[in-house]
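Numbering starts at 1 and runs along the sequence shown.
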Amino acid sequence: MQNFTYYTPTEIIFGRGAVKEAGRLAAKWNAKRILIVYGGGSAVRSGLLAVIEEELEAEGIAWETLPGVQPNPRLALAREGVKKAVAFGADLILAVGGGSVIDTAKAVAIGAANPDTDLWDFWTGKVEKPEQVLPVGVVLTIAAAGSETSDSVVLTNEETGTKKGYGGDFVRPKFALINPELAATLPRYQLACGVVDILMHTLERYFTPVDGNRLTDEIAEGLMRTIICEGKKAYDNPSDYDAMSEVMWCGSLSHNGLTGLGRGKDFSCHKLGHKIGGMFDESHGATLSAVWGSWARYVYHQDAARFARYGRKVWGIVSDDSGDEAAALEAIRRTEEFFCSLDMPVCLGQLGMGVQPEEVLWKMAKHATNGGTVKLGSFCPMDAADMVAIYKSANHS
């Protein structure tokens, strides 16, 4: 087990009526003026935003709003939010939504506290770390990215087609209000994308070169068994409160670092998926399911025993005389079968982008590897040629 530091300061209020705590928790962080970030009109139509505003008003807190967040959160809107937060004098940013909304709120919190630095300079590394960040609170409506407890934030630069992550403990939200009832009206496609993302956040920490983390493995395997079982239940019946509760709690734990303690992260599939999302504006979870099987078949030979353990502990594959390789391949097959049961894509041709010419695959791979100068991942470090091989394997209908 490698050395690690574990810091998860987010206060979580979970269950029915959790949103009623919005005013109290904002006041706890001495908020007087809040910028509320949200997506489309559902937060307004459902009455959720009105409830939040009522709770803030009861605490004497003023607010301004930033609507319009889209999937693959846009840099342009985050920049607009920075200007609005500075002009309003916001001292806390409140996200009402899922991962894209939360990531936008985090970006605004960074930019508003450092108004003399262009926001994208943090993402490109021109500025390594912000001097300060406004506190962020969350009212979670979608189980997916786990951004409500994570130390990461992703933005898409529309001008360059670049989708890129950034972060550190300084962007972890101060509080998260999680009511599974709020996710019951989600489109099933969004829910399915979220279930995939939750599973992938755990898989990306599970497949690394570091062995010997028994407790961390057991936690990760338990989370994966839970999201597979309860995720399908919630997909089939979104009004199943108990199933949705499990899904939302899995989401929060899948990306707060717990399932990977004592080892590094791989996140190769996220890199593969981000290039697709940035270039073609595809939903994040769908890009992950579209490439994971091709990645897994390309790298499993690095540690077939690890894939076999995943198959036995998560999928219940019974060992036989065929050994680890057969169990590993069966685990990959069952994972893709699970994605299909959620109507998620398992190849590029099932995405809106369709099958692509090889030059596009090379463009994405070279972009991801800084022109072929760096390798990605840790389980099986990949150069641009490796990425193209995986893209080509997935490049069919």
Side-chain angles (χ1 to χ4, degrees), residues 1-2 195-232 250 254 258-273 288-342 344-348 350 375-383 385-396:
M1 182 179 292
Q2 296 177 337
V195 170
V196 170
D197 200 13
I198 292 166
L199 179 61
M200 289 299 305
H201 279 154
T202 312
L203 287 170
E204 297 270 42
R205 292 173 168 87
Y206 188 79
F207 289 110
T208 76
V210 178
D211 293 322
N213 289 5
R214 178 175 178 177
L215 179 57
T216 298
D217 278 346
E218 294 283 354
I219 293 170
E221 289 156 0
L223 192 152
M224 288 189 284
R225 288 193 300 269
T226 301
I227 193 59
I228 288 166
C229 176
E230 302 298 331
K232 185 62 169 70
C250 281
S254 71
L258 179 64
T259 61
L261 292 180
R263 54 176 173 246
K265 297 182 288 188
D266 183 80
F267 274 70
S268 297
C269 285
H270 270 70
K271 299 295 186 182
L272 289 160
L288 298 178
S289 65
V291 300
W292 186 83
S294 294
W295 170 84
R297 291 187 182 90
Y298 190 76
V299 305
Y300 83 90
H301 63 276
Q302 292 286 123
D303 191 348
R306 184 65 171 170
F307 274 87
R309 175 184 171 119
Y310 165 64
R312 291 165 184 144
K313 299 284 275 186
V314 175
W315 291 105
I317 295 170
V318 179
S319 300
D320 55 29
D321 294 337
S322 56
D324 285 347
E325 180 158 349
L329 290 172
E330 176 64 8
I332 297 169
R333 188 194 71 78
R334 291 198 191 184
T335 305
E336 286 192 312
E337 186 179 68
F338 173 66
F339 293 153
C340 290
S341 76
L342 301 176
M344 285 284 97
V346 291
C347 62
L348 301 187
Q350 293 174 354
K375 289 189 174 184
L376 305 177
S378 60
F379 184 77
C380 179
M382 301 188 308
D383 58 20
D386 293 316
M387 290 188 70
V388 169
I390 294 168
Y391 280 140
K392 288 175 71 173
S393 176
N395 196 34
H396 61 86

K.L.:
Which atoms form the tightest heavy-atom contact between G311 and A331, and what is the distance?
P.N.:
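Reported closest heavy-atom pair: CA-CB, 3.5 Å.
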K.L.:
Check whether any side-chain heavy atom of I228 lies under 4.5 Å from a side-chain heavy atom of V195, and answer yes or no.
P.N.:
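With C-beta onward as the side chain, the pair stays apart.
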K.L.:
Considering residues, nucleotides and ligands other than K232, do more than 12 of their heavy atoms fall under 6.0 Å from its NZ?
P.N.:
yes
K.L.:
Does the T208 side chain pair with the main chain of K265, one donor and one acceptor, at a distance under 3.5 Å?
P.N.:
no
K.L.:
In this structure, which one of L288, I390, L376 forms a side-chain contact (heavy atoms from CB on, under 4.5 Å) with L272?
P.N.:
I390
K.L.:
Say you draw a straight line from CZ of R263 to CG of D211; how long is it, rounded to the nearest 0.5 Å?
P.N.:
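The distance works out to 8.5 Å.
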K.L.:
Closer than 4.0 angstrom, basic N to acidic O: yes or no for D303 and R309?
P.N.:
no
K.L.:
So, the side chain of R205 versus the backbone of S254: is there a donor-acceptor pair under 3.5 Å, distance only?
P.N.:
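Such a contact is found between R205 side chain and S254 backbone.
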K.L.:
Looking at every heavy atom in both F338 and I227, which two are closest together, and how far apart are they?
P.N.:
CZ-O, 4.2 Å
K.L.:
Check this for me: does any side-chain nitrogen of one of K271 and D266 sit under 4.0 Å from a carboxylate oxygen of the other?
P.N.:
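Looking at K271 and D266, the cut-off is not met.
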K.L.:
Please report the shortest heavy-atom distance between R225 and K313, naming the atom on each side.
P.N.:
NH1-O, 3.0 Å
K.L.:
If you compare all heavy atoms of S268 against all heavy atoms of M382, which two are closest, and at what distance to 0.1 Å?
P.N.:
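Closest approach of S268 to M382: CB-CE, 3.6 Å.
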K.L.:
Can you tell me how far apart CG (N213) and CD1 (I219) are? Round to the nearest 0.5 Å.
P.N.:
10.0 Å
K.L.:
Does R306 reach the main-chain N or O of Y206 with its side chain, forming a donor-acceptor pair under 3.5 Å?
P.N.:
yes
K.L.:
Is the distance between the ring centroids of F207 and Y300 less than 6.0 Å?
P.N.:
no
K.L.:
In plain terms, say whether R334 and E337 are close enough for a salt bridge, that is, a side-chain N and a carboxylate O under 4.0 Å apart.
P.N.:
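So R334 does not pair with E337 through a salt bridge.
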K.L.:
Starting from the C-alpha separation in whole Å, work towards a yes-or-no answer on side-chain contact (heavy atoms from CB on, under 4.5 Å) for I198 and L223.
P.N.:
CA-CA 9 Å; I198 292 166; L223 192 152; 4.2 Å; yes
K.L.:
When rounded to the nearest 0.5 angstrom, what is the spacing between CD1 in I317 and CD in E330?
P.N.:
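Reported to 0.5 Å precision, the distance equals 5.0 Å.
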K.L.:
On a heavy-atom basis, which atom in C340 and which in V346 lie closest, and how many Å separate them?
P.N.:
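Minimum heavy-atom separation between C340 and V346: SG-CG1, 3.9 Å.
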K.L.:
Taking all non-hydrogen atoms of both residues, which atom of C269 and which atom of M200 are closest, and how far apart?
P.N.:
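Shortest heavy-atom separation between C269 and M200 comes out as CB-CE, 3.7 Å.
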K.L.:
Measure the SG-NE2 distance between C250 and H201 for me, rounded to the nearest 0.5 Å.
P.N.:
13.0 Å
K.L.:
Any chance you could measure L203, atom CG, to Y310, atom OH, to the nearest 0.5 Å?
P.N.:
4.5 Å
K.L.:
Taking H270's backbone N and O only, do any of them form a donor-acceptor pair with E204's side chain (distance below 3.5 Å, no angle check)?
P.N.:
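Yes; at least one donor-acceptor contact below 3.5 Å.
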K.L.:
How are the rings of F307 and W295 set relative to one another: parallel (under 30°), tilted (30 to 60°) or perpendicular (over 60°)?
P.N.:
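If you compare the ring of F307 with that of W295, the planes turn out tilted.
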K.L.:
To the nearest 0.5 Å, what is the distance between NZ on K375 and CG on D386?
P.N.:
7.0 Å
K.L.:
Ignoring hydrogens and angles, tell me if any N or O in the side chain of T216 forms a donor-acceptor pair with the backbone of L261 under 3.5 Å.
P.N.:
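Yes, because the side chain of T216 sits within donor-acceptor range (under 3.5 Å) of the backbone of L261.
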